[in-house]
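What follows is a set of notes on a single structure, which appears directly below.
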Number of protein chains: 2
Amino acid sequence: MSTAERLIESTQDLLWERGYVGTSPKAIQQRAGAGQGSMYHHFSGKPDLALAAIRRTAEQMRATAEACLSAPGTAYERVRGYLLRERDVLRGCPIGRLTMDPDVIADPVLRGPVEETLDWLRGRLAEVVAEGVERGEFDAGLAPERTAASVVAAVQGGYVLARAAGSPAPFDSAVQGLLDLLAARAPHRPAP
Amino acid sequence: MSTAERLIESTQDLLWERGYVGTSPKAIQQRAGAGQGSMYHHFSGKPDLALAAIRRTAEQMRATAEACLSAPGTAYERVRGYLLRERDVLRGCPIGRLTMDPDVIADPVLRGPVEETLDWLRGRLAEVVAEGVERGEFDAGLAPERTAASVVAAVQGGYVLARAAGSPAPFDSAVQGLLDLLAARAPHRPAP
DNA sequence: GTCTATACTGTGATAGAC
DNA sequence: GTCTATCACAGTATAGAC
């Protein structure tokens, strides 16, 4: 793998673990096995490298979510598939995490991919819910946009609860609680 | 106000804004209008001062939540009151925020108040939901613990979405989406 | 109690040799 | 392209004067 690739991947890991503020160029270089000069040859500085890493992570997250949401099954089943997909819960969300980073939120360029990714996810989930309503798989009264926001928030908030508790259990509760509520709005009442 | 008090309040503000990793003793001293020696006289170092600040913030958050949850009204109304209470949404949660701080999560002493506060909140909300079920204000099938976790997650996740978007709108959607789902489980169907 | 001086390490970046 | 040397500055803490 090229040095630039290794630098990007190391940055992805460190941003996930420690955030932007908590990640130093030195730490990135050490993890990538690259020298200082090498890093500053490929990237103009920390923000530039972080941007490349954030974009890469955003792409990957989008692909993972799309795989769940475009799977076969009813709308409820696809939402359930997204909510119950395997996750390393205690690591949290590599994109959502960045919203707590003051330097990321303050810089429109760095915040860009974060905003786009979470917007896309809400929009995509809203499509699935709307489809479900059209097909009669969900109650007509279910509001797609709001429901989609609740689904994404359950995941993001679940990570917060799990990390506070030092255990994935509260994440599972939060997700299952929402799934219980959604199942009650799916006319055929599938098992949650 | 005493110097120690000013140091604690400055630390509360900075932890909320920039997190533990992003907050330096120097920045705290400047905001508090205190010298270095003064800070190290009252506190043994950054972790000690941060602990005092986190404990203070945790107390305050608990008091605010308890005020909503012990208000008069049905269980649904009290949960709604908690969810719709005024918030500075873009600032996020001063306690939930800390779960993304690697140095806080790694230190059991600093994580302690964070864990206790969010555990207490879930437990307290579960009591309210359980009471509602007993009184017939909620469907008997509603699981108190799971529902409580979903409520807290909606708020914490709502903050993430709002900060990503640079707007409180997605927070409101997530909260309202959950409220819609909960209203459908309250036999008298109050307006959400 | 509060201040200034000091020390040491880490951060983020540049310069120039190879 | 990659390396090492160097830099200015911030982070964290201690020492000792007042």
Side-chain angles (χ1 to χ4, degrees), chain A residues 1-56 97-98 100-111, chain B residues 1-56 97-98 100-111:
Chain A
M1 196 174 20
S2 75
T3 300
E5 277 303 309
R6 272 181 296 121
L7 283 165
I8 291 177
E9 291 193 5
S10 299
T11 306
Q12 287 184 278
D13 290 350
L14 284 166
L15 286 180
W16 195 352
E17 260 175 53
R18 305 198 40 86
Y20 183 84
V21 173
T23 297
S24 71
K26 186 179 216 165
I28 294 169
Q29 293 150 22
Q30 283 173 345
R31 181 173 297 220
Q36 296 239 66
S38 193
M39 178 187 133
Y40 284 99
H41 172 76
H42 291 287
F43 301 94
S44 71
K46 178 176 163 175
D48 186 38
L49 178 46
L51 181 58
I54 293 172
R55 283 188 172 144
R56 179 75 58 90
R97 199 223 174 290
L98 299 171
M100 297 302 145
D101 243 301
D103 293 4
V104 171
I105 292 304
D107 181 344
V109 175
L110 291 178
R111 204 193 70 194
Chain B
M1 196 175 21
S2 77
T3 300
E5 279 300 311
R6 273 181 296 122
L7 283 165
I8 291 176
E9 292 193 5
S10 298
T11 307
Q12 287 184 278
D13 290 349
L14 284 165
L15 287 180
W16 195 353
E17 263 174 51
R18 306 199 38 87
Y20 184 83
V21 172
T23 297
S24 71
K26 186 180 219 167
I28 294 170
Q29 293 149 24
Q30 283 174 345
R31 182 173 296 220
Q36 295 239 65
S38 193
M39 176 186 135
Y40 285 99
H41 172 75
H42 292 287
F43 302 94
S44 71
K46 177 175 164 175
D48 186 37
L49 177 46
L51 181 59
I54 294 172
R55 282 188 174 143
R56 179 75 59 89
R97 202 228 171 285
L98 299 171
M100 297 302 146
D101 243 301
D103 294 4
V104 170
I105 291 305
D107 181 344
V109 175
L110 290 179
R111 203 192 72 193

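Chain A is the first sequence line, chain B the second, and so forth, proteins listed ahead of strands; every chain is numbered from 1. In this text the structure is predicted, and so the values were computed from the model without any measurement.
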- Task: Please state how far atom CD in B/Q30 lies from atom P in C/dT2, giving the value in whole angstrom units.
- Result: 17 Å

- Note on the structure: From OH of B/Y40 across to C1' of D/dA17 the rounded distance in Å is 19 Å

- So does B/K26 get a side-chain nitrogen or oxygen closer than 4.0 Å to the phosphate oxygens (OP1/OP2) of D/dG11? no

- Query: Just by modelled atom types, is the A/W16 backbone N or O under 3.5 Å from a matching donor or acceptor in the A/R97 side chain?
  - Reply: yes

- Item | Interatomic distance where CD belongs to B/Q29 and P belongs to D/dA13 [whole Å] | 10 Å

- Item | Euclidean distance, atom CG of residue A/L7 to atom C1' of D/dT2 [Å, nearest integer] | 11 Å

- Task: Give the nucleotide from the list C/dT2, D/dG11, D/dC3 with an atom nearest to the side chain of A/S38.
- Result: D/dC3

- Test log, rule side-chain contact (heavy atoms from CB on, under 4.5 Å), inputs B/E5 and B/R56: CA-CA 11 Å; B/E5 279 300 311; B/R56 179 75 59 89; 3.1 Å; yes

- Could you check which of D/dG11, C/dT11, D/dT2 has an atom nearest any side-chain atom of B/P25? D/dG11

- Across the strands shown, which category fits B/T23 at heavy-atom distances under 4.0 angstrom: base, sugar-phosphate, nothing? sugar-phosphate

- Message: Between B/A4 and A/S44, which residue's closest nucleotide on DNA chain C lies nearer the 5′ terminus?
- Response: B/A4

- Item | Phosphate contact (C/dC3 OP1 or OP2) by B/H41 side-chain N/O below 4.0 Å | no

- Message: Under 4.0 Å, counting only non-hydrogen atoms across every strand here, what does B/G35 touch: a base, just sugar-phosphate, or nothing?
- Response: sugar-phosphate

- From the candidates D/dG1, D/dG11, C/dG12, the one with an atom nearest any side-chain atom of A/Q36 is C/dG12

- Whole-Å distance separating the CG atom of B/D103 from the P atom of D/dG11: 14 Å

- Query: Between A/T23 (side chain) and A/R18 (backbone), is there a donor-acceptor pair under 3.5 Å?
  - Reply: no

- Item | Integer-rounded Å distance: D/dA15 C1' and B/M39 CE | 16 Å

- Message: Does C/dG1 have its OP1 or OP2 closer than 4.0 Å to a side-chain nitrogen or oxygen of B/T3?
- Response: no

- A/D48 CG - C/dA13 P separation (whole Å): 10 Å

- Task: Check step by step if side-chain contact (heavy atoms from CB on, under 4.5 Å) holds for A/Q36 and A/K26.
- Result: CA-CA 7 Å; A/Q36 296 239 66; A/K26 186 179 216 165; 5.9 Å; no

- Task: Starting from C1' on C/dT11, measure out to CG on A/L14 and report it in whole angstrom.
- Result: 14 Å

- Nearest to the side chain of B/H42, which nucleotide is it out of D/dG11, C/dG1, C/dT11? C/dG1

- Under the side-chain contact (heavy atoms from CB on, under 4.5 Å) rule, what do A/L110 and A/D103 come out as? Steps first, then yes or no, please. CA-CA 8 Å; A/L110 291 178; A/D103 293 4; 5.8 Å; no

